[in-house]
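Presented below is the structure to which this report refers.
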Amino acid sequence: QVQLVESGGGLVRVGDSLRLSCAASGRAFDMYAMGWFRQAPGKERECVSAISRNGDSHYCTQAVKGRFTISRDNAKNTVYLQMNSLKPEDTAVYYCAARATPSTTNKFLKRYDYDYWGQGTQVTVSS
């Protein structure tokens, strides 16, 4: 089992950057594929990005490609989401998620793929 705690959200202006962190407690973080999701008011929770155990990344929505970067540091039990050139439409609660998997390369893009979730961190981008 793993517990996830997100941090790094906040209120920023258009064009600013933020780096979200998701710290995992428990054992064997390197056995988990990880993902970042977001949920804006009145909308479904959507996949932003996913990363495999060996660090291969995927960006689920075209809207963040080229602006967001997912990464992980297995030594620190942490996954990151670097967000640059933020836009008002990026405003949402951002969640990290974890799924244990024997595959080092698989990435998971659906909410129901994940077993563990953090509590979320609010990102608000003002114009």
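Numbers here simply count residues along the sequence, with the first being 1. On a predicted model such as this, the values are computed, not experimentally measured, just so you know.
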Applying a strict under-4.5 Å side-chain criterion to I, L, V, M, F, W and Y, I'd like to know whether [X] and [Y] cluster together.
X: Val48; Y: Val12; value: yes
X: Tyr114; Y: Val2; value: no
X: Tyr80; Y: Leu20; value: no
X: Leu11; Y: Val125; value: no
X: Phe29; Y: Phe108; value: no

Taking the side chain as every heavy atom from C-beta outward, state whether [X] and [Y] have any atom pair closer than 4.5 Å.
X: Ile51; Y: Lys107; result: no
X: Cys22; Y: Trp36; result: yes
X: Glu44; Y: Arg111; result: yes
X: Leu81; Y: Thr69; result: no
X: Pro88; Y: Val14; result: yes

Main chain of [Y], side chain of [X]: is a donor-acceptor contact present, judged purely on distance under 3.5 Å?
X: Ser49; Y: His58; value: yes
X: Glu6; Y: Thr121; value: no
X: Arg53; Y: Tyr32; value: no

Subject >> Over all atoms of both residues, closest heavy-atom pair of Arg99 and Asp113 >> reply: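 The pair with the smallest heavy-atom distance is CD-O, 2.9 Å.
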
**OP:** For Asn106 and Ser52, work out which heavy atoms get closest and say how close.
**Re:**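 Between these two residues, the closest heavy atoms are O-CB, 3.3 Å.
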
**OP:** Go through the side-chain N and O atoms of Glu89 and Thr91 and say whether any donor and acceptor fall under 3.5 Å apart.
**Re:**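 No pair is found: no donor N or O on one side chain lies under 3.5 Å from an acceptor on the other.
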
Measure the [atom1]-[atom2] distance between [X] and [Y] for me, rounded to the nearest 0.5 Å.
X: Asp56; Y: Ile70; atom1: CG; atom2: CD1; answer: 11.5 Å
X: Arg38; Y: Thr61; atom1: CZ; atom2: OG1; answer: 6.0 Å
X: Cys60; Y: Leu109; atom1: SG; atom2: CG; answer: 4.5 Å
X: Thr124; Y: Asp90; atom1: OG1; atom2: CG; answer: 11.0 Å
X: Arg13; Y: Ser127; atom1: CZ; atom2: OG; answer: 10.5 Å
X: Leu4; Y: Cys96; atom1: CG; atom2: SG; answer: 4.5 Å

**OP:** Describe, in one word, how the ring planes of Phe68 and Tyr94 are oriented to each other, choosing from parallel (under 30°), tilted (30 to 60°) and perpendicular (over 60°).
**Re:**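 The arrangement is tilted - the two ring planes meet at 30° to 60°.
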
**OP:** Taking only Lys NZ, Arg NE, NH1 and NH2, and the carboxylate oxygens of Asp or Glu, determine whether Asp30 and Arg72 approach each other closer than 4.0 Å.
**Re:**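 Salt bridge: no.
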
Subject >> Arg45 NZ/CZ over Tyr95 ring centroid, <6.0 Å and within 45° of normal >> reply: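 Relative to the ring axis of Tyr95, which defines the angle, Arg45 lies inside both limits.
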
Original post:
Checking side-chain contact (heavy atoms from CB on, under 4.5 Å) against Ser17, which of Arg67, Gln82, Met83 comes through?
Top reply: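 It is Gln82; the other options fail the test.
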
